[in-house]
Amino acid sequence: MTQHDLGALGWSTELAEQLQPGLAPGRVIAAHRAAFDVHTVDGAVRTRLPGRLVHDSTDVAVGDWVGLGDGLIRVVLPRHSAIVRSAAGRTSQAQTLAANVDVAFVVTSLGPEFEPRRIERYLVTIWESGAMPEIVLTKADRLDDPWPFVAEIEAIAMGVPVHVVSAVTGQGCDALRARIEPGKTAVLLGSSGVGKSTLVNRFAGRELMAVKETRADDDEGRHTTTHRELLELPGGGMVIDTPGIRELQLWDGGGLDEAFSDIDELAGECRFNDCTHASEPGCAVTAALASGELPRERFDSWRKLQRELRAIEIRHDARLRRDEKRKWQLRAREGRARARHR
């Protein structure tokens, strides 16, 4: 049987040291409803979690390194990064979109879908994840001059690389492909129809991911990708294609300061450490708003995300309290049952 090199997928001695003896290593390359495709030294296998890990709500995501035993996933190895959002709906459950990612491309098209406020939300999530964000503006062939859009993005994504590409003309595609180095993993994140799968196909040199024609009414592509999948690219490197994200709900606010580093720096100049940036004297933030140095739209977006993260924290704490209460109720019932049988 042909042996496959896991090193090309990012396997390392550090990961090997964390794998329990007797388990075979593999990387999750696709996730389905109750099953996972895992790439091993013997090739890709379809597997699942044993009942115990399902009961424990073990989180497995595309990009994870796992240990296999008796055909099942027995352990998920520690991640060096994880892109996590709140699951859709009013819930306090997390959903991991991709694991062990080195670079995360936020993809948006130069057209009706262009929305800087959405980009800010993505940046908060990616900075928290441990991956490095980069922004990709697709469908540059639509415009004679895309650079005002670039300037608008650069103003809210200080220091984050911005790529302008066109899958039609090839503009910027080679430079973007070069960002995915051998042994490294990238993920494409964005709404439906912005051209994520088209970029994957161009990187691969053939149609790996199905795409559809753009709609006539708004020139946006139609949603095709239905699941997350990790793909090896010719020349090395891996990319995770993802379905379009209709709504990216935050899970953790650890990336807020990085995504809004300009406001964070201004806040550090305020007279009072606990400044609310409302009416306090010596507030550098309100001064920047008054002078126009800080756009009101950006400040309002920062405030909105702060409120959202606070609401998530409250829901999360409430769920923890409910889980703890259920645990002690279960223990009490078990204790009463044992007492009756003595």
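What you are looking at is a predicted structure, and each value in this text was computed from that prediction instead of being measured.
- Under the side chain to side chain donor-acceptor pair (under 3.5 Å) criterion, E258 pairs with no residue, sequence neighbours left out.
- What you find for L53 and I73 is that their closest heavy atoms are CD1-O, 3.4 Å.
- Proximity of W65 to L9: side-chain heavy atoms (C-beta onward) are separated by under 4.5 Å at one or more points.
- Put simply, I135 and M158 are part of two different groups of oily side chains (I, L, V, M, F, W, Y) that touch within less than 4.5 Å, one to the next.
- Shown here is R118, whose CZ atom has more than 12 heavy atoms of other residues, nucleotides or ligands within 6.0 Å.
- By the 6.0 Å contact criterion, CG on D300 is enclosed, its count of non-hydrogen atoms from other residues, nucleotides or ligands being greater than 12.
- Of the options L233, V101, L199, a side-chain contact (heavy atoms from CB on, under 4.5 Å) to V239 is made by L233 and by none of the others.
- Look at R79 and D59 and you find a salt bridge, because one of the NZ, NE, NH1 or NH2 atoms lies within 4.0 Å of a carboxylate O, short of that distance.
- With hydrophobic clusters built from ILVMFWY side chains whose heavy atoms lie under 4.5 angstrom apart, L289 does not share a cluster with F272.
- F114 is listed as a side-chain neighbour of I153, based on a closest heavy-atom distance under 4.5 Å.
- Counting all heavy atoms, side chain and backbone alike, R142 lies closest to G111 at NH1-CA, 3.2 Å.
- For the 3.5 Å distance criterion, the side chains of Q95 and R85 qualify, holding a donor opposite an acceptor.
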Q: Evaluate the criterion side-chain contact (heavy atoms from CB on, under 4.5 Å) for residue pair L231 and F203; output intermediate values, then yes/no.
A: CA-CA 10 Å; L231 303 159; F203 295 158; over 6 Å; no
Q.
H277 vs W302, test: ring-ring contact (aromatic ring centres under 6.0 Å, His included). Steps then yes/no.
A. CA-CA 12 Å; H277 319 303; W302 177 64; 5.7 Å; yes
Q: Take E229 and V62 through the side-chain contact (heavy atoms from CB on, under 4.5 Å) test and state the conclusion after the steps.
A: CA-CA 7 Å; E229 184 172 355; V62 173; 5.9 Å; no
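- Classification of R46 and D37 as a salt-bridged pair holds, one side-chain N sitting under 4.0 Å from a carboxylate O.
- Heavy-atom minimum distance, A16 versus W11: CA-CZ2, 3.4 Å.
- Side-chain contact annotation: R202 with S197, donor-acceptor N/O pair under 3.5 Å absent.
- Residue-environment remark: CG (D70) stays at or below the threshold of 12 foreign heavy atoms within 6.0 Å.
- The shortest distance between side-chain heavy atoms of V84 and T125 does not fall below 4.5 Å.
- Nearest heavy atoms, D141 versus S166: OD1-OG, 2.6 Å.
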(Q) One pair to check against side-chain contact (heavy atoms from CB on, under 4.5 Å): V66 and V75. What are the steps and the verdict? (A) CA-CA 6 Å; V66 298; V75 65; 6.0 Å; no
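- S12 pairs by the side chain to side chain donor-acceptor pair (under 3.5 Å) definition with E14, not counting sequence neighbours.
- Around CZ of R179, the count of heavy atoms belonging to other residues, nucleotides or ligands within 6.0 Å does not exceed 12.
- No side-chain heavy atom of T108 sits less than 4.5 Å from a side-chain heavy atom of E115.
- L77 has its side chain out of reach of D64: every pair of non-hydrogen atoms, C-beta onward, lies at least 4.5 Å apart.
- L230 and V41 fall within a single hydrophobic cluster, where Ile, Leu, Val, Met, Phe, Trp and Tyr side chains are chained together by heavy-atom contacts under 4.5 Å.
- Aromatic ring orientation, H163 versus F105: perpendicular (interplanar angle above 60°, classes split at 30° and 60°).
- Partners of E269 under the side chain to side chain donor-acceptor pair (under 3.5 Å) rule, at least two apart in sequence or in another chain, do not exist in this structure.
- Under a hydrophobic-cluster definition in which Ile, Leu, Val, Met, Phe, Trp and Tyr are linked whenever side-chain heavy atoms come within less than 4.5 Å, directly or via other members, L72 and V76 are assigned to different clusters.
- Salt-bridge check for R121 with E308: passed, with a basic side-chain N closer than 4.0 Å to an acidic carboxylate O.
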